Structure formats: structure tokens, C-alpha cells
Amino acid sequence: MASRAHPVDGDVSPATDGGDLPIKSSPHRHKVGVPPKQNMFHDFMYTFKETFFHDDPLRHFKDQPKSKQFMLGLQSVFPVFDWGRSYNLKKFRGDLIAGLTIASLCIPQDIGYAKLANLDPKYGLYSSFVPPLVYACMGSSRDIAIGPVAVVSLLLGTLLRAEVDPVTNPDEYLRLAFTATFFAGVTEAALGFFRLGFLIDFLSHAAVVGFMGGAAITIALQQLKGFLGIKKFTKKTDIVAVLDSVFSAAHHGWNWQTILIGASFLTFLLTSKLIGKKNKKLFWVPAVAPLISVIISTFFVYITRADKQGVQIVKHLDKGINPSSFDQIYFSGDNLAKGIRIGVVAGMVALTEAVAIGRTFAAMKDYQIDGNKEMVALGVMNVVGSMSSCYVATGSFSRSAVNFMAGCQTAVSNIIMSIVVLLTLLFLTPLFKYTPNAILAAIIINAVIPLIDIQAAILIFKVDKLDFIACMGAFFGVIFVSVEIGLLIAVSISFAKILLQVTRPRTAVLGNIPRTSVYRNIQQYPEATMVPGVLTIRVDSAIYFSNSNYVRERIQRWLLEEEEKVKAASLPRIQFLIIEMSPVTDIDTSGIHALEDLYKSLQKRDIQLVLANPGPLVIGKLHLSHFADMLGHDHIFLTVADAVEACCPKLSDEV
């Protein structure tokens, strides 16, 4: 308990019988201003604008001629018309190097990620051809590299396989994949168009760290099938089922040639990544390592015919560009609902990853990206992709990091990558026939390792234990149950934390910092002294229906505890309860009723309620509800110091 200033005779005015305690007024004390009454329509429009248009996206259109407004509108939808005007050969050189570098990384990754989604490898390449072209025209990020990613591929594959078996019914599975991709795009575009991008912020950073870490381990475990050459493998994704499947096949299902290939090239990939980390100038080494691994391992399998010895290979890979798939999307029937449900989930996860990546690199290069425009670009990209035989594409962190390190200047690097993928589809796909599945497994394992962010988890544990629970809940949900359950746990814990913070706001007892007029939390500042006869409490949240009863009860409990302490110490009884309302940004009718109940309860105990520094919204509502009249305008002050001076002037001069 903080120390109290010693009382002086006459410092605290005695309570009057059955009435308010007298408050000394001062001609030099500022009164709390009451804002002018706002027009209800203007108040609604202001709230609406701050909620959905806080960035004022139309500010550039003001006072501009029609032709200029048309051009600005075109640039807003297609940023390529903005940055394209200043594009030059120097920028193209940087984009060319970056595009070729990420293409060498994406081609082997795409083949592996498609298998992760239980799709033919060609669909991974398709998804790195059309979507990046669309994004290059509509996206606002200069650094993000578009294509399939491991987590979304695993999530999509898991959700789709729960509805349709890809082995027994591959055509229906493929159609459902295109349908899910279409509605993933619709979801993303709708969130951006209706400016609902703030919804993805409900998935906390801690939950994302846990989910990504769990998904990375799950993906790596899934690769043991190809890494060890196991033919019969579980369809479940939880760690128990996967390890049981692995060890049950140890005596007869493992292939030593496959293990040798996988282990050798995984070592090579990890070593190349280490070289790139130690010397930033050699960023290209880990970028080209996967493609080099594919070329060498494919050549090795071809000349030794290791596929005859049980080494599983990619086999046939169709040549040609993306065929149209519009007629394969379900727009009716039972599979429509399934496609919508899977698409919404996959779209939200893809959106969360892409926007986070875009903001990260934008901050590093000191430029801004519009989150809502990004969502529209990603959504249109996936809608178009679903009609051209692509599955869900988004921003890839590993490829975006390489793109950034390679010196990309604009989204043209995505176009360069798409052209390389196009040439691969047209001329080079037959060369992947003898590519061993083990090398694809090694590439995916190498790609997902960075998703396990141990340092971030340690920091979360140090900073916020509740955040750490959310992180671990998502992590263990993914690895011990399934990806979708882990995602559900991540979202649920994130919402639970929000509800907890809203319904149980923090309150604090304030004391005076010696030789100042400042009042602060006595737990943070033990030297702060409390004025005898006065209890000052700060409420650190808006007071709404969801927390109004808790706030009232918590204040009453603070008062009861303080009364017991002063009684035990033979100090003057509490006669004034001051509520510091600076952090109270808003209050609703339930909050006002809670203050009324508190006021009436205190009156019965001869304790005067005093308010300090209510904000404009709060004081306006207190006047409209006539609570200010009930309390008395002379019991509402600009600062805690003013309130204390009015309650007991002699003590306020001495503390």
C-alpha cells in the first residue's frame, strides 16, 4: 500500500448529514468543456468514415478535373499505370535479376506444393503463371512474390480431402479445388471492396506464430512419405498418426536409395541457406539451390534408373499453358456449399499471410501499401486463377525475401517469373519426369523450417503470458489434431482475449508523485502518496454494457479494501471517491446506469463521487442523460489535482 500524507486538522471537510460533501470552488480552476451538440447524421457519418474510410481514399480526387479523376481512378484500381510511367531500364535490370532468381526457386517449390495439396504437379506451375500477372497489374506491393505456399496448400489439401478422396475421385476433387479457389478469391475481393480488411486483424500475431509453427511441423512430417520412400501412408495429418505410419513401415516400407537422395540434398539445401545468411551478397545461393538440386537429382535418377530400384519419381508432367477451367467450377449442387466453406477459410489464411508479408517489406523500404486494395488484387487474382486451372495463390515469404534481397524494384519481377514458368510449361516439363519425390520433400522441408519462429515464441512468453497461451493453443491444435482445428483454436483464443480485455478492463489506484501535481498508479510508482480521506481510481477502458457491472463492482471492491486499510491504520475515513476518466473514451447507457448506481450507493455511505477529466464523448453523454446534473457540475473536474484541491485544499498544498 502506498504511503498517505499525514492529515492536518481541518484538512478534510466533514460530511454533512444526508447531503453531498462540500467542495471548495476556485475561480482559477478550469471547468470541463461540454462539446456542442452534434447532428445525429453527421455523427453517424463521422463514425462510418472512421470505421471504413479512415485513410480517406478519395482525398486525391478533390478539386481535380474529370480527366484527372478518371486517370486517378484507373491508377487506383491498376497501380501499374502509376509506377509504369516512371519505369526505366535501371529498374528493369533489378527486376530481371530478381525475377529470374525467384523463378529458379518457385519452379521446384510449386511442384512440391501441388503434391501437398494432393494435386498434379502441373497445377502448382499453373498457379505461378497466371496469378502473378494479375497481381503485377493490380497489386501495390513492390516486393511480394506471388504463387502457391506451403501452409495454404496443406490447409486446402486437408479440407478438400475431408470432402472428396483425391485417389478414388480425382476429377471431383479437382473441380472442388477450383471452386474453393474461386470463392477464396471472392472472399478476399469482397473484404477489400467493402473495406472490411480489419477483420483479418482479429487473428493475433501470437496465434499466427503458433499456427504457422504447427503447420510447418505438420508439413515437414507429411514429407516423410516421399523422403523415406513410403508407399502406404496415413491420410491424417496429426503427429501421432503420421509417426505411427512412419515407424510401422520401418521394416519393409523404407527405401534406402530414396533416403540417401533426400538426406544428401536436404543437407545441401540447409548448407546453402546457411551460406546465404552469413553473407548477404550470396543471397542467390539458397535461391538457386532447389533448382540445382532438382537438376542434379533428376539426372542422377535418369542415368542410374533408380526408379527401377523403388525410388518414386514425378513421372509424366503435361506440357502446355493453363487450360480454361471455368466450366469445372461448381455453381450449384452440394459441392457449391463445400467449395464456399473451404474457400472462405483458405482465402482468409492466404490473405493474412500476404498482407503481413506486404506490410513487412513495405516498412523495410519505407513505402505504404493499401491493405484493402491488396485484398481486391489478391481476390481478383484468385478468381481469374480459378478459371485458368490454378489453385489458391498468395504471397510467399521465402520467395518475397529472395525477391527483396535480389533487388527487385517493382512488380515486374513477378512478370519475369511468370514468363520463365511459361517457358517451362511449354518446353521443359518433360525433363521433370525422372525428378525423385525425395528431392521435392527435401525442398519443402527446407522451405518450411523458417516458419518455426522460436525466437518470436520466446518473446511472446516474456511479454504476454495470455498471448503465449494463444500461440501454444494454435501450435498444439495443429500438430496433435488437424490444421483446421489449430486454425479454429487460434481464432477462438484471439476472440477470447479480445472479449476478456473488453469485459474485464484494468483499473488502478492513483497516488500523488511527491512535489508534483501528477497522480499515477501506486503499483508502478511506490513513492506516490495517497491523500487522506480521498481514494482516486482510474478506469483504463471505455465503459460499455459488456463491462459496466464489472467496473462498478471493481471500484466498490477497491473502496472496501481501502476502507479496511485506513481503519486498521487509524487514518481518516474515505470521504471522496475520485474516478480518473481520461482513458474512458466512450460510455453507453449501461455505463451511465452503472455510474448512477455507484453514486447512489456512495451517497448512502456519506462518500462523495467525483469525476476527473471525462472526454468529449463521455461528458456529452453524461449531460444528455442528466447524470451530470445528478452528480453536480461542481463535482466534475479537469484534472485529478483540481479534484483533490477542491476536496481537501490544505492537504493538496502539502503533498
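All values reported here derive from a predicted model rather than from experimental measurement.
At a threshold of 4.5 Å between non-hydrogen side-chain atoms, the residues R605 and E563 count as touching. Residues I144 and R359 are not in side-chain contact: their nearest non-hydrogen atoms beyond the backbone lie 4.5 Å or more apart. Looking at heavy atoms from C-beta onward, Q523 lies out of side-chain contact with V509 at the 4.5 angstrom threshold. Here the side chains of F637 and V610 are in contact, with some heavy-atom distance below 4.5 Å. At least one side-chain heavy atom of C408 sits less than 4.5 Å from a side-chain heavy atom of N403. The closest side-chain heavy-atom distance from L602 to L559 is below 4.5 Å. Using a 4.5 Å cut-off on side-chain heavy atoms (C-beta onward), F576 and V531 make no contact. Residues S396 and V149 meet the side-chain proximity criterion, which asks for heavy atoms closer than 4.5 Å.
Nearest approach of I522 to A528, heavy atoms of both residues: CG2-CB, 4.3 Å. The minimum heavy-atom distance between G395 and I357, with the atom names listed, is O-CD1, 3.3 Å. When every heavy atom of N372 is checked against every heavy atom of L191, the shortest pair comes out as OD1-O, 3.9 Å. Heavy atoms only, all atoms of each residue included: T394 and A354 are closest at OG1-CB, 3.1 Å. Nearest heavy-atom pair, L154 versus A215, reported as atom, atom and distance to 0.1 Å: CD2-O, 4.0 Å. Contact detail for T237 and V483: the closest heavy-atom pair is OG1-N, 4.3 Å.
If you take CG on D597 and CZ on R552, they are separated by 5.5 Å, rounding to the nearest 0.5 Å. Rounded to the nearest 0.5 Å, atoms CD (E553) and CG (L560) are 13.0 Å apart. Separating the CD1 atom in I479 from the CD1 atom in I485 is a distance of 14.5 Å, to the nearest 0.5 Å. T529 OG1 to R515 CZ: the interatomic distance, rounded to the nearest 0.5 Å, is 10.0 Å. In this structure, CG in L622 is found 5.5 Å from CD1 in I587, a value given to the nearest 0.5 Å. To the nearest 0.5 Å, the span separating CZ on R538 from CG on N613 amounts to 12.0 Å.
In this structure, the side chain of E580 engages the main chain of S582 through a donor-acceptor pair within 3.5 Å. Y367 places a side-chain N or O within donor-acceptor distance of the main-chain N or O of R142, the cut-off being under 3.5 Å. Judged by distance alone, with hydrogens and angles left aside, the side-chain atoms of Y599 form a donor-acceptor pair with the main-chain N or O of M630 at under 3.5 Å. Of the possible polar contacts, one joining the N547 side chain to the Y544 backbone as a donor-acceptor pair under 3.5 Å is found. Judged purely by atom type and a 3.5 angstrom limit, N512 uses its side chain to pair as donor or acceptor with the backbone of V518. Between the side chain of S400 and the backbone N or O of A145, at least one donor-acceptor pair lies under 3.5 Å. Under a 3.5 Å cut-off, the side chain of E374 and the backbone N or O of S140 do form a donor-acceptor pair. At least one donor-acceptor pair under 3.5 Å links the side chain of S494 to the backbone N or O of S204. Counting only distance, with no hydrogens or angles, the side chain of T352 and the backbone of M348 share a donor-acceptor pair below 3.5 Å.
The ring pair (Phe, Tyr, Trp, His ring centres under 6.0 Å) search around F404 returns F361, not counting sequence neighbours. Under the rule for a salt bridge (Lys or Arg N to Asp or Glu O under 4.0 Å), the partners of K621 that lie at least two apart in sequence or sit in another chain are D586. Every residue meeting the ring pair (Phe, Tyr, Trp, His ring centres under 6.0 Å) condition with F468, not counting sequence neighbours, appears here in chain and number order: F461. By the ring pair (Phe, Tyr, Trp, His ring centres under 6.0 Å) test, F194 pairs with no residue at all, sequence neighbours left out. The side chain to side chain contact (heavy atoms under 4.5 Å, CB included) search around I452 returns A216, I217, I454, not counting sequence neighbours.
The environment of K365 atom NZ is dense: over 12 non-hydrogen atoms of other residues, nucleotides or ligands sit within 6.0 angstrom. Residue K465 places its NZ atom among more than 12 non-hydrogen atoms of other residues, nucleotides or ligands, all under 6.0 Å distant. Surrounding CD of E561 are more than 12 heavy atoms belonging to other residues, nucleotides or ligands, all under 6.0 Å away. Heavy atoms of other residues, nucleotides or ligands lying less than 6.0 angstrom from CZ of F475 number more than 12. Within 6.0 Å of CZ on R506 lie no more than 12 heavy atoms contributed by other residues, nucleotides or ligands.
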*Working for salt bridge (charged side-chain N to carboxylate O under 4.0 Å, His left out), residues R341 and E484*: CA-CA 12 Å; R341 179 175 58 82; E484 59 268 36; over 6 Å; no

*Pair K600-Q603, side chain to side chain contact (heavy atoms under 4.5 Å, CB included): steps then yes or no*: CA-CA 5 Å; K600 293 173 183 177; Q603 286 292 95; 5.6 Å; no

*Any chance you could lay out the side chain to side chain contact (heavy atoms under 4.5 Å, CB included) test for R399 and V402, step after step, and finish with the verdict?*
CA-CA 5 Å; R399 270 175 264 176; V402 170; 5.6 Å; no

_Run L609 and H635 through side chain to side chain contact (heavy atoms under 4.5 Å, CB included) and show every step you take._
CA-CA 7 Å; L609 178 64; H635 293 146; over 6 Å; no

*Would you please test I449 and L270 for side chain to side chain contact (heavy atoms under 4.5 Å, CB included) and show each step?*
CA-CA 10 Å; I449 286 175; L270 293 174; 3.7 Å; yes

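Screening residues 607-626 for ring pair (Phe, Tyr, Trp, His ring centres under 6.0 Å), with sequence neighbours left out, gives H623-H633.
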